[in-house]
Amino acid sequence: MYSWREEFWGRHNLFDSDEIVKEVLNKINLAKGFYVADLGSGTGRFTIPLAKEIGENGKVFAVDISKESLTILKENADREKLNNIEIVYGDISKKIPLDDNSIDVAFMANVFHDILYEGNESIVLSEIKRILKNNGRLIILEFKKIRGPPGPPIFMRISHDELINILNKNGFSAKYLGEIGKYHYLIEARI
């Protein structure tokens, strides 16, 4: 049985155009061989392009709580013949099932508003600090705080200034990387 989120995103895929994905990849400067955690990966709209970007010596850990989404992601990765994606079932709001100091980039696309709404931001950000390498970065793609659709209701959205303040209060140094398309913005944070 699919969750409401899976049903929603199945009908409202904001990334039908690869322009948003390309724009994000151009702004986050991934290197070949990086280890990336796609936290809340869903069916892999970003996971697969991330895996292609970092090459066969890198690895993307696709972490999600939905086994159904991870199954679809695995099928898509197999179809693309990508061997550098590791499927990881887990609830990132409790513990991220990855090793300490193992990740170059933790990436979250349209996930943080849910974490904030559920009140789990301190746990998640602490876990991200744990898994990041010394020079690691957290990249967050989020919906602008404007009325939708697409995206969550306005009361769940967070402005880029609010997100930067939350990140800074949790031990990160965050900066705004700019707008992505009409509906999103991008934040980069370091420990």
Side-chain angles (χ1 to χ4, degrees), residues 3-6 8-9 14-15 20 24 27-28 30 35-47 50 60-67 69-70 88-181 183-191:
S3 71
W4 70 268
R5 286 183 182 94
E6 290 165 317
F8 174 85
W9 291 114
L14 298 176
F15 309 110
I20 290 174
V24 168
K27 287 195 178 210
I28 64 174
L30 295 178
Y35 276 47
V36 177
D38 186 358
L39 303 173
S41 63
T43 58
R45 187 67 188 135
F46 279 92
T47 309
L50 289 167
V60 178
F61 297 88
V63 185
D64 205 278
I65 195 169
S66 167
K67 290 181 180 178
S69 292
L70 291 172
V88 181
Y89 173 74
D91 182 350
I92 64 170
S93 70
K94 294 186 173 111
K95 180 168 177 49
I96 299 173
L98 298 173
D99 293 337
D100 295 359
N101 305 311
S102 62
I103 299 297
D104 296 294
V105 174
F107 178 80
M108 302 174 84
N110 301 324
V111 173
F112 199 82
H113 64 270
D114 281 324
I115 289 165
L116 185 62
Y117 181 70
E118 293 166 2
N120 295 321
E121 67 276 6
S122 294
I123 294 166
V124 172
L125 292 172
S126 176
E127 279 291 290
I128 289 170
K129 285 194 283 189
R130 179 185 64 76
I131 66 169
L132 282 177
K133 294 178 180 177
N134 287 338
N135 292 336
R137 296 178 290 149
L138 167 60
I139 304 291
I140 299 177
L141 178 72
E142 253 313 326
F143 288 100
K144 293 178 190 175
K145 194 164 186 172
I146 56 175
R147 295 199 182 275
I154 189 83
F155 72 87
M156 287 181 70
R157 295 178 188 225
I158 181 170
S159 73
H160 66 271
D161 288 331
E162 292 169 316
L163 181 51
I164 287 172
N165 286 335
I166 289 168
L167 292 167
N168 290 342
K169 285 179 185 174
N170 281 277
F172 287 88
S173 175
K175 68 179 181 179
Y176 178 67
L177 295 182
E179 293 184 359
I180 301 291
Y183 305 110
H184 294 89
Y185 61 86
L186 200 61
I187 298 288
E188 177 184 83
R190 295 178 183 268
I191 301 171

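Fair warning: this is a prediction, and the values are worked out from it, not measured in the lab.
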Handout entry: Donor-acceptor pair, side chain of Asp104 and main chain of Tyr35, under 3.5 angstrom
Key = yes

Practice task
With the side chain counted from C-beta on, respond yes when Leu125 and Phe112 share a heavy-atom pair under 4.5 Å apart, and no when they do not.
Solution key: yes

Handout entry: Atom pair CD1 (Ile140) and CG (Asn110), whose distance is rounded to the nearest 0.5 Å
Key = 11.0 Å

Handout entry: Interatomic distance, His184 atom NE2 to Leu141 atom CG [nearest 0.5 angstrom]
Key = 5.0 Å

Exercise for the section: Write down the atom of Phe172, the atom of Ala189, and the distance for their closest heavy-atom approach. Expected result: CD2-CB, 3.8 Å

Practice task
Count the heavy atoms belonging to other residues, nucleotides or ligands that lie under 6.0 Å from CG of Asn134, then report whether that count exceeds 12.
Solution key: no

Practice task
Could you tell me which non-hydrogen atom of Ser93 sits nearest to which non-hydrogen atom of Val124, and how far apart they are?
Solution key: CA-CG2, 3.7 Å

Completion exercise
Test side-chain contact (heavy atoms from CB on, under 4.5 Å), reference Ile139, set Leu186, Leu30, Ile187, output is Leu186

Practice task
Return yes if some donor-acceptor pair links the side-chain N/O of Glu121 with the main-chain N/O of Ile166 below 3.5 Å, else return no.
Solution key: no

Problem - Main-chain N/O of Glu179 paired with Lys144 side-chain donor or acceptor, under 3.5 Å - result: no

Exercise for the section: Let me see the working for Ile128 and Leu39 under side chain to side chain contact (heavy atoms under 4.5 Å, CB included), right down to the final yes or no. Expected result: CA-CA 10 Å; Ile128 289 170; Leu39 303 173; 3.8 Å; yes

Exercise for the section: Look up atom CG in Leu167 and atom NE2 in His160, then write down how far apart they are to the nearest 0.5 Å. Expected result: 12.5 Å

Practice task
Please step through side chain to side chain contact (heavy atoms under 4.5 Å, CB included) for the pair Ile92 and Val111, ending with a clear verdict.
Solution key: CA-CA 10 Å; Ile92 64 170; Val111 173; 4.2 Å; yes

Completion exercise
Nearest heavy-atom approach of Pro152 to Met156 is CB-CB, 4.1 Å

Problem - Parallel, tilted or perpendicular: rings of Phe143 and His113 (30°, 60°) - result: perpendicular

Exercise for the section: Identify the heavy atoms of Leu132 and Arg137 that sit nearest to each other, and give their distance. Expected result: CD2-O, 3.5 Å

Practice task
For the pair Arg130 (side chain) and Lys95 (backbone), establish whether a donor and an acceptor sit closer than 3.5 Å, ignoring hydrogens and angles.
Solution key: no

Exercise for the section: Please confirm whether the backbone N or O of Ala174 pairs with a side-chain atom of Asn168, one donor and one acceptor, at under 3.5 Å? Expected result: yes

Exercise for the section: For the pair Lys145 and Ile154, evaluate side chain to side chain contact (heavy atoms under 4.5 Å, CB included) and give the outcome as yes or no after the intermediate values. Expected result: CA-CA 6 Å; Lys145 194 164 186 172; Ile154 189 83; 4.1 Å; yes

Problem - Non-hydrogen atoms of Asn170 and Lys129 that approach each other most closely - result: O-NZ, 2.7 Å

Exercise for the section: Determine the minimum heavy-atom distance between Thr47 and Ser41, stating which atoms define it. Expected result: OG1-CB, 3.5 Å

Exercise for the section: Could you tell me whether Lys27 atom NZ has more than 12 heavy atoms of other residues or ligands within 6.0 Å of it? Expected result: yes

Problem - Atom pair CD1 (Ile65) and NZ (Lys94), whose distance is rounded to the nearest 0.5 Å - result: 6.0 Å

Exercise for the section: Evaluate side chain to side chain contact (heavy atoms under 4.5 Å, CB included) for Glu162 paired with Leu116, printing each intermediate quantity in order. Expected result: CA-CA 11 Å; Glu162 292 169 316; Leu116 185 62; over 6 Å; no

Handout entry: Sole residue of Leu138, Leu98, Asp100 in side-chain contact (heavy atoms from CB on, under 4.5 Å) with Ile131
Key = Leu98

Completion exercise
Rounded to the nearest 0.5 Å, the OG atom of Ser173 sits from the CD atom of Glu188 at a distance of 9.0 Å

Practice task
Just grab all the ring pair (Phe, Tyr, Trp, His ring centres under 6.0 Å) pairs involving residues 88-107, residues at least two apart or on different chains.
Solution key: Phe46-Phe107

Handout entry: Distance, nearest 0.5 Å, that separates OH of Tyr185 from CG of Asp161
Key = 9.0 Å

